[in-house]
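Start at 1 and go down the list; that is how both ligands and their atoms are numbered. Along the sequence shown, the residues carry numbers beginning at 1.
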Amino acid sequence: MIDSDARLIEEILRLKRERNAIILAHNYQLGEVQDIGDFVGDSLELSQRAAQTDAGVIVFCGVHFMAETASILCPDKVVLLPDMDAGCPMANMVTADALRGRKKEHPGAVVVCYINSSAEVKAESDVCCTSANAVRIVDKLPSGIEILFVPDQYLGHYISTKTGREMILWPGYCPTHIRIKAQDIIKLREEHPQAKVTVHPECRPEVIALADEVLSTGGMCRFASSTEAKEVIIGTEIGLLHRLRKENPGKRFIPASDQAVCPRMKLITLERILWTLEEMTPEVKVPEEIRLRAKASVDKMLEAA
Ligand code: 13P
Ligand code: SF4
């Protein structure tokens, strides 16, 4: 570690104590950001952790919808996002207005929204889900009803194949995960015949079809530590490799594609975390009327999980 980083970290830790803050970091964050996190996890684990914390301030090292979810669950806490430009492009592919329009075309449909969506979209939805629990949540819906799933068409397609439920899919996608191509997996399997292949359900269907396991980032961490395999091909954003390598020094983790980088996740740096704690800004706060409706769909998910 370079000296300037050590000084930054010291300052961050001092201010964190002074402000009674907790640092939550997503698995795709830069390695040095993950390393100062009080908790590192996937979207579901982070929302559960936010809901449970006693800290008065949450510094959310992730993207905007994740900080919003923390604000939805913890209205009395100050939720800080060190860079307001850290938005999820997939979440921005559906707006509340557009969703309201689609609901009018399907008046009886149950709306299931991926957690990668704005608070306004969650407020227009009946139940939320993450990649860790999406199949279980859709499986539990009463049979015979129409299901509208937003915004990730590929996660939606995967859920349909697992549950046998037909769903109306929104045409959203993750620009990072679609960079992983079937050809990447085929080539890596040839080069590493003993390796297990894990991919995120945001990947294209033809990539998912080639995988041994389809998992959330938290699921990949659990799989990595429990598998007998010594080599694992990782079909998700490359930030996860930091944690996998740190927790499993005896195993080899191979990125499915070096191009699977989420630039918005990488906007959060140690410098910005320090600045955020000094200035106590920028804060993410969901207006109460939207929060209450969004919370109902997030609560339904957490109860089911
Ligand atoms: P996880 O919930 O699996 O961590 O995924 C979040 C995400 O944004 C995937 O691109
Ligand atoms: Fe959004 Fe994709 Fe980045 Fe996840 S990896 S935050 S879905 S753009």
Charged N-O contact under 4.0 Å between [X] and [Y]:
| X | Y | value |
| --- | --- | --- |
| Glu288 | Arg291 | yes |
| Arg102 | Glu105 | yes |
| Lys196 | Glu228 | no |
| Arg293 | Glu124 | yes |
| Asp184 | Lys181 | no |
| Glu10 | Lys16 | no |
| Arg7 | Glu11 | no |

Please classify the Asn116 to ligand 1 contact at 4.0 Å (heavy-atom distances, strictly less than): side chain, backbone, both or neither.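 For Asn116, the contact with ligand 1 is made by the side chain alone.
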
Ligand 1-proximal atoms of Met90, by part, heavy-atom distance under 4.0 Å: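 It is neither part, as no heavy atom is under 4.0 Å.
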
Taking distance alone, with no angle check, do Thr130 and ligand 1 share an N/O pair under 3.5 Å? no

Distance-only N or O hit between ligand 1 and Asn27, under 3.5 Å: no

Backbone or side chain, does Cys88 get an N/O/S atom under 2.8 Å to atom 3 (Fe) of ligand 2?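 Not a single backbone or side-chain N, O or S atom of Cys88 is under 2.8 Å from atom 3 (Fe) of ligand 2.
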
Say whether [X] and ligand 1 are in contact under the criterion: heavy-atom distance to a ligand atom below 4.0 Å.
| X | answer |
| --- | --- |
| Cys174 | no |
| His177 | yes |
| His26 | yes |

Is a side-chain donor or acceptor of Asn133 paired with a backbone partner of Cys129 at a separation under 3.5 angstrom? no

So, Arg243 side chain and Gly31 main chain: donor-acceptor pair closer than 3.5 Å or not?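 Not a single qualifying donor-acceptor pair exists.
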
Protein contact of [atom] - nearest heavy atom, named by residue and atom, plus distance:
| atom | value |
| --- | --- |
| atom 6 (C) of ligand 1 | Ser43 OG, 3.4 Å |
| atom 10 (O) of ligand 1 | Glu202 OE1, 2.8 Å |
| atom 8 (S) of ligand 2 | Pro89 CD, 3.3 Å |
| atom 3 (Fe) of ligand 2 | Cys262 SG, 2.4 Å |
| atom 2 (Fe) of ligand 2 | Cys174 SG, 2.3 Å |

Report, in ascending order of atom number, the atoms of ligand 1 lying under 4.0 Å from any heavy atom of His200.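 Those qualifying, in numeric order: 1 (P), 3 (O), 5 (O), 9 (C).
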
Within the 4.0 Å heavy-atom shell around Ser216, which atoms of ligand 1 are there? 3 (O)

Given the ring of Phe39, does Arg49 sit roughly above its face, with NZ or CZ under 6.0 Å from the centre of the six-membered ring and within 45° of the axis? yes

Enumerate the atoms of ligand 2 whose separation from the nearest heavy atom of Tyr28 is less than 4.0 angstrom.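 Those of ligand 2 that fall under 4.0 Å from Tyr28 are 4 (Fe), 5 (S).
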
Glu202 neighbourhood, listing ligand 2 atoms whose heavy-atom distance to it stays under 4.0 Å: 2 (Fe), 7 (S)

Output yes if His177 passes the N/O/S-under-2.8 Å test against atom 2 (Fe) of ligand 2; output no otherwise.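 For His177, the answer is no, given that no N, O or S atom comes within less than 2.8 Å of atom 2 (Fe) of ligand 2.
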
Of all the heavy atoms in Arg264, does at least one lie under 4.0 Å from an atom in ligand 2?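 For ligand 2, residue contact (heavy atoms, under 4.0 Å) with Arg264 is absent.
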
Between His242 and Gln34, a side-chain donor and acceptor under 3.5 Å: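 No, no side-chain donor-acceptor contact under 3.5 Å.
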
Under a 4.5 Å cut-off applied to non-hydrogen side-chain atoms, are Asp42 and Thr130 in contact? no

